[in-house]
Amino acid sequence: MKNAFETGCPAVDRMSRLQITGNVIPVSWFKTIRKETGKPNLNAIIILADIVYWYRPVEVRDEVTGQLIGLKKRFAADLLQRNYQQMADQFGITKRDTTNAVVELEKLGVIRRVFRTVEKGGHLVSNVLFLELNVDVLEALTYPKQPAKKDTGEVRRGYHRFEGEVSPKSGGGITENGDTLPPEMGKGITQNGETNTKNNYREYNRDSHILSFDEAQKHVRGQIDYDILKFDYPYDERIDEIVGIMVDVMTSTAQEIRVNKENKPAAVVKGQFAKIGKGHVEYVLHCLDENQTKARNIRAVLITALYNSVHTISSYYGNLYQYHQSQCQVQDIWQGEGEAKGGKI
């Protein structure tokens, strides 16, 4: 007689004994969360799955009877606290891709970004990212309705994109800013993304316009004559890395940016980066080629090199010109002395 707990497939039988938990991705999301090209937005899907996991309640059961006595949230604050780099490291994608994916989710209306100021270790930390989940939109994405279009009878596939306003800072921007937390409440961000702040926030809008990543990337490429650089240096991937760093700087929400081991006001650094052109990029590439020292943090090196290039490029090429002039003069002297000796012989 066949055992009721055996399926006839050993692998399936063994799987019945595994307790797999974590993020769940409904198949319908691959149809409702898509890029403009029509392909599934995989980055947005996996990030949404993680957000949904944190918003799923935890059951609280009585230790004696085992009965369900309540529910509790996985995070301590009123909203889920995350940051772009944290998610990028978790899923093995770039910070830029992470930010763009979160923005797309906000455009769909399934999440809302809220930026707050919290206190950590006695210091105020601004622009801390919190994510609010819209369960109504999530339900529509997970169980999409497919009404027929008028006249044609064609079935609509996918989910209609959010028609409301998105954060003014589309590439990682400020939607809202909250009040500072009391010292006993602001404990910062844990490694697993869980927040440990208990508070009530008063939120208010903050007027701020910062370019989206797409807009900033287009602007930076035009600013440094990207197409010409790629034509002159077709195999130098550092050009794209420099573009990425410049875009990150120009869209940064931080109050300060670290340059040359010193925190400088973000507005000053952005103003300096706005002056960088094709010649400055070539200058930085040339300096990197000549550098013989191993860099521990190449990103920091590039930010500093780009920042300093605006002030040092003229002196560098002036010094290089003088060096070559002196070398030519020495060569002329040697050549003259050789000719003189040859004449005597």
Side-chain angles (χ1 to χ4, degrees), residues 21-24 33 44-61 68-91 98-99 101-142 162 164-170 172-208 210 253-255:
T21 61
N23 300 347
V24 177
I33 304 177
I45 289 172
I46 61 175
I47 289 174
L48 179 60
D50 185 63
I51 295 172
V52 170
Y53 166 80
W54 286 105
Y55 271 94
R56 280 158 48 192
V58 178
E59 294 183 350
V60 180
R61 294 185 177 273
L68 180 65
I69 59 175
L71 300 173
K72 68 176 182 179
K73 57 183 183 293
R74 298 177 187 269
F75 47 88
D78 60 329
L79 299 177
L80 173 64
Q81 179 183 328
R82 297 290 267 160
N83 68 67
Y84 296 121
Q85 190 61 56
Q86 187 181 61
M87 291 185 285
D89 295 339
Q90 179 178 352
F91 299 115
T98 301
T99 306
V102 171
V103 170
E104 286 302 312
L105 291 174
E106 187 176 32
K107 288 180 180 178
L108 286 172
V110 69
I111 66 168
R112 184 172 66 98
R113 292 175 297 169
V114 178
F115 286 78
R116 295 169 172 170
T117 299
V118 300
E119 186 171 342
K120 179 181 178 182
H123 300 281
L124 294 180
V125 180
S126 60
N127 295 331
V128 177
L129 175 65
F130 290 80
L131 299 173
E132 180 181 13
L133 181 66
N134 188 324
V135 181
D136 291 333
V137 177
L138 176 67
E139 184 178 6
L141 289 171
T142 308
F162 180 54
E165 296 183 356
V166 184
S167 307
K169 188 174 59 169
S170 300
I174 300 173
T175 53
E176 296 181 358
N177 198 341
D179 285 339
T180 304
L181 300 178
E184 66 275 8
M185 296 183 180
K187 303 299 182 182
I189 304 173
T190 59
Q191 291 184 351
N192 60 5
E194 185 176 351
T195 54
N196 46 11
T197 54
K198 297 180 180 179
N199 48 71
N200 292 318
Y201 293 99
R202 178 177 61 83
E203 300 173 353
Y204 57 90
N205 292 329
R206 176 177 176 180
D207 296 331
S208 174
I210 299 180
T253 62
Q255 299 296 322

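None of the values given here were measured: they were computed from a predicted structure.
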Mind checking the CG-CG spacing from Asn83 to Asp89? Nearest 0.5 Å is all I need.
8.5 Å
For the CZ atom of Arg56 and the CG atom of Leu71, what is their distance to the nearest 0.5 Å?
13.0 Å
Qualifying residues under side-chain contact (heavy atoms from CB on, under 4.5 Å), relative to Ala101, sequence neighbours excluded:
Asn43, Ala44, Ile47
List the atom of Leu108, the atom of Val137, and the distance in Å for their closest heavy-atom pair.
O-CG1, 3.5 Å
Rounded to the nearest 0.5 Å, the CD1 atom of Ile33 sits from the CD1 atom of Ile45 at a distance of 5.0 Å
As a quick check of understanding, evaluate side-chain contact (heavy atoms from CB on, under 4.5 Å) for Val110 and Leu133, giving each step before the final call.
CA-CA 6 Å; Val110 69; Leu133 181 66; 4.2 Å; yes
Would you name the heavy atoms of Phe115 and Leu129 that are closest together and state the gap between them?
CZ-CD1, 3.6 Å
Kindly indicate whether the side chain of Gln255, heavy atoms from C-beta on, has any atom under 4.5 Å from the side chain of Asn127.
yes
Using side-chain contact (heavy atoms from CB on, under 4.5 Å) as the criterion, list what pairs up with Arg61, not counting sequence neighbours.
Glu59, Leu68
Atom of Phe130, atom of Leu79 and distance for their closest heavy-atom approach:
CD2-O, 3.6 Å
Gap between atom CD of Glu104 and atom CD1 of Ile111 - 0.5 Å precision
10.5 Å
Residues two or more places apart in sequence or in another chain: which of them pass side-chain contact (heavy atoms from CB on, under 4.5 Å) with Ala49?
Asn23, Ile25, Trp29
Supply the atom-to-atom distance Lys73 NZ to Leu80 CG, rounded to the nearest 0.5 angstrom.
11.5 Å
State, to 0.1 Å, how close Arg82 and Gln90 come at their nearest heavy-atom pair, and which atoms those are.
NH2-OE1, 2.6 Å
Can you name the side-chain contact (heavy atoms from CB on, under 4.5 Å) partners of Val58, sequence neighbours left out?
Lys72, Arg74
Using the side chain to side chain donor-acceptor pair (under 3.5 Å) criterion, which residues pair with Glu139? Sequence neighbours excluded.
none
Parallel, tilted or perpendicular, as decided by the 30° and 60° cut-offs, for the rings of Phe75 and Tyr55
perpendicular
Val102, Asp50, Leu48 screened by side-chain contact (heavy atoms from CB on, under 4.5 Å) with Leu131, the one that passes
Val102
